[in-house]
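Every heavy atom of this structure was used, including side-chain atoms; hydrogens, water molecules and symmetry mates were not. Keep in mind it's a predicted model, so treat the numbers as computed, not measured.
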Amino acid sequence: MTKSPPRRKTNLKHNLKRNRASLAYRLRYAAQNPDKVRAYLSRLARDVKLRAANQGHVAYYRAVMRSDAARSPEAAVGSPTRERWLQLGQMQFDYLRKHGLKPDDRLLEIGCGNLRAGWRFIDYLDGGNYYGIDISPDILLAAQHTLVQQELQDKMPHLTLVDDLKLRFLPDAHFTVVHAHSVFSHSPIEVIDECLAHVGRVLAPGGFFDFTFDRTEGTEHHVLREDFYYRTETLTALAERHGFAARFMDDWEELPHGQSKLRVTRPQS
């Protein structure tokens, strides 16, 4: 069982009791931030259009990524500027190195995006030891550009398009590290359940799976089917149902990033 996570400091931007989907919150936010109302309405209109045109969450979110990537690959993965893109990638890389990543590890990155952190993993790992998957062909094309910019072609990374998280094409017990940053924050619970149901098969004995999520201590909710907020207990219980032990990564909370992180491992028999 995971221990209860610490409460975030009140000066962080995310209040863990807020329900961003509630009408009261949206009206209050609009009154306090009138300059952001137009952008929200534009996003709402896009949401309605894309939901009508795409059946299922993967198809819907692939269309969201296509729309975002057309404007900016960095913004599509949640980085408003190139500088922030570099900072967040460095943060992920430094954290994983601090918490056990070694050059001979075989790493699977779920939702690799345009290799914000991935190019650093590729550079650090032994050749051929990085495998990135994503649901968006547009963002994987941007990932290829990142590889060229960083001159990492000789490291022979694998980049693969997927339409689910069943991981059927990957070998048993192969990956010593699985990493998913800002994936479950955009996923309904059935997608997370699917991933946890199958990731254990590809995870090597003694390996671990780190993932971030948007945490709430109030009502679980989503905003426009793009941003999902979960209680830690919900994801911990789901992981345990699939045979994992889950640990809340307290020190991740100290970093300048709005999400929380869990590490799941398969208990040694």
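Considering every non-hydrogen atom in both R46 and S67, the closest pair reads NH1-OG, 3.0 Å. Looking at every heavy atom in both residues, S136 comes nearest to R62 through CA-CG, 4.4 Å. Closest non-hydrogen pair, D47 versus L224, comes out as OD1-O, 2.8 Å. Among all heavy-atom pairs drawn from S187 and Y230, the shortest one is O-OH, 2.6 Å. Looking at every heavy atom in both residues, A239 comes nearest to A246 through CB-CB, 4.4 Å. The two atoms that bring P157 and Q153 nearest to each other are CD-O, 4.4 Å, heavy atoms only.
Look at D251 and K261 and you find no salt bridge, because none of the NZ, NE, NH1 or NH2 atoms lies under 4.0 Å from a carboxylate O. A salt bridge does not link D94 to K98: none of the charged nitrogens lies less than 4.0 Å from a carboxylate oxygen. Between D123 and R120 there is no salt bridge, since no side-chain nitrogen of the basic residue lies less than 4.0 Å from a carboxylate oxygen of the acidic one. Under 4.0 Å is where a charged nitrogen must lie from a carboxylate oxygen, and between R215 and E253 at least one such pair does. Between R106 and D126 no salt bridge is recorded (no basic side-chain N to carboxylate O distance below 4.0 Å).
Checked options L107, N129, L108, D105; the residue passing with T176 is D105 (criterion: side-chain contact (heavy atoms from CB on, under 4.5 Å)).
Atom SG in C195 sits 10.5 Å away from atom CG in D164 (nearest 0.5 Å). Residue Y229 holds its OH atom at 14.5 Å from CD of E217, rounded to the nearest 0.5 Å. Taken from CZ in R231 to OG1 in T234, the straight-line distance is 7.0 Å, to the nearest 0.5 Å. Rounded to the nearest 0.5 Å, atoms NE2 (H221) and CG (D214) are 8.5 Å apart. With values rounded to the nearest 0.5 angstrom, L101 atom CG is found 5.5 Å from L125 atom CG. The line from CD1 of I122 to CG of D154 is 12.5 Å long, rounded to the nearest 0.5 Å.
Proximity of the aromatic rings of F93 and H179 is defined here by a centroid distance below 6.0 angstrom, and this criterion is not met. Aromatic rings of H222 and H186 (six-membered ring for Trp) have centroids beyond the 6.0 Å cut-off, not under it.
Inter-residue side-chain proximity for H174 and V202 is flagged as unmet; no heavy-atom pair is nearer than 4.5 Å. Within the 4.5 Å cutoff, the side chain of T160 has heavy atoms near those of the Y131 side chain. Side-chain contact between N114 and W85 is present, with heavy atoms from C-beta onward closer than 4.5 Å. The side-chain heavy atoms of I135 and D163, taken from C-beta on, include no pair separated by under 4.5 Å. Between E109 and Q92, some side-chain heavy-atom pair lies under the 4.5 Å cut-off. Annotation: side chain of H198 is in contact with side chain of E194 (closest heavy-atom distance under 4.5 Å). Taking 4.5 Å as the limit, some side-chain heavy atom of V199 sits within range of a side-chain heavy atom of F244. Put simply, the side chain of M249 does not reach to within 4.5 Å of the side chain of S260, judged on heavy atoms.
Judged by distance alone, with hydrogens and angles left aside, the side-chain atoms of R66 form no donor-acceptor pair with the main-chain N or O of I139 at under 3.5 Å. Judged purely by atom type and a 3.5 angstrom limit, D134 uses its side chain to pair as donor or acceptor with the backbone of G113. Using a distance-only test at 3.5 Å, with no hydrogens or angles considered, a donor-acceptor pair links the side chain of T236 to the main chain of T232.
Scanning for side chain to side chain donor-acceptor pair (under 3.5 Å) contacts around T212 gives Q259, with sequence neighbours left out.
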Item to check | From CA spacing to verdict: side-chain contact (heavy atoms from CB on, under 4.5 Å), F121, L96 | outcome: CA-CA 9 Å; F121 294 140; L96 212 53; 3.7 Å; yes
Checklist entry - Yes or no on side-chain contact (heavy atoms from CB on, under 4.5 Å) for Y61 and M65, after CA distance, side-chain angles and deciding distance? => result CA-CA 6 Å; Y61 204 74; M65 291 297 291; 3.8 Å; yes
Checklist entry - What's the verdict on side-chain contact (heavy atoms from CB on, under 4.5 Å) for L235 and L262, showing C-alpha distance, side-chain angles and the deciding distance? => result CA-CA 9 Å; L235 299 185; L262 281 174; 3.9 Å; yes
Next on the checklist: One pair to check against ring pair (Phe, Tyr, Trp, His ring centres under 6.0 Å): H181 and Y95. What are the steps and the verdict?
Outcome noted: CA-CA 12 Å; H181 183 91; Y95 188 86; over 10 Å; no
Checklist entry - Under the ring pair (Phe, Tyr, Trp, His ring centres under 6.0 Å) criterion, do F211 and F184 qualify, and how do the steps go? => result CA-CA 7 Å; F211 61 83; F184 291 173; 4.7 Å; yes
Item to check | Check against side-chain contact (heavy atoms from CB on, under 4.5 Å), V162 and F169 | outcome: CA-CA 10 Å; V162 297; F169 59 98; 3.6 Å; yes
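Linking ILVMFWY side-chain heavy atoms closer than 4.5 Å, directly or via other members, places L161 and L115 in a single hydrophobic cluster. L141 and Y130 sit in two unconnected hydrophobic clusters of ILVMFWY residues. Membership requires side-chain heavy atoms under 4.5 Å apart, directly or through other members. No single ILVMFWY cluster, assembled from side-chain heavy atoms under 4.5 Å apart, contains both L170 and M156.
Side chain to side chain, D210 and W252 fail the donor-acceptor criterion of an N or O pair below 3.5 Å.
A cation-pi arrangement, defined by a distance under 6.0 Å to the six-membered ring centre and an angle within 45 degrees of its axis, is present between R263 and F208.
In the displayed structure, E151 atom CD is contacted under 6.0 Å by at most 12 heavy atoms of other residues, nucleotides or ligands. Applying the 6.0 Å contact sphere to CD of Q149 captures more than 12 heavy atoms from other residues, nucleotides or ligands. Heavy atoms from other residues, nucleotides or ligands lying under 6.0 Å from CZ of R82 number more than 12.
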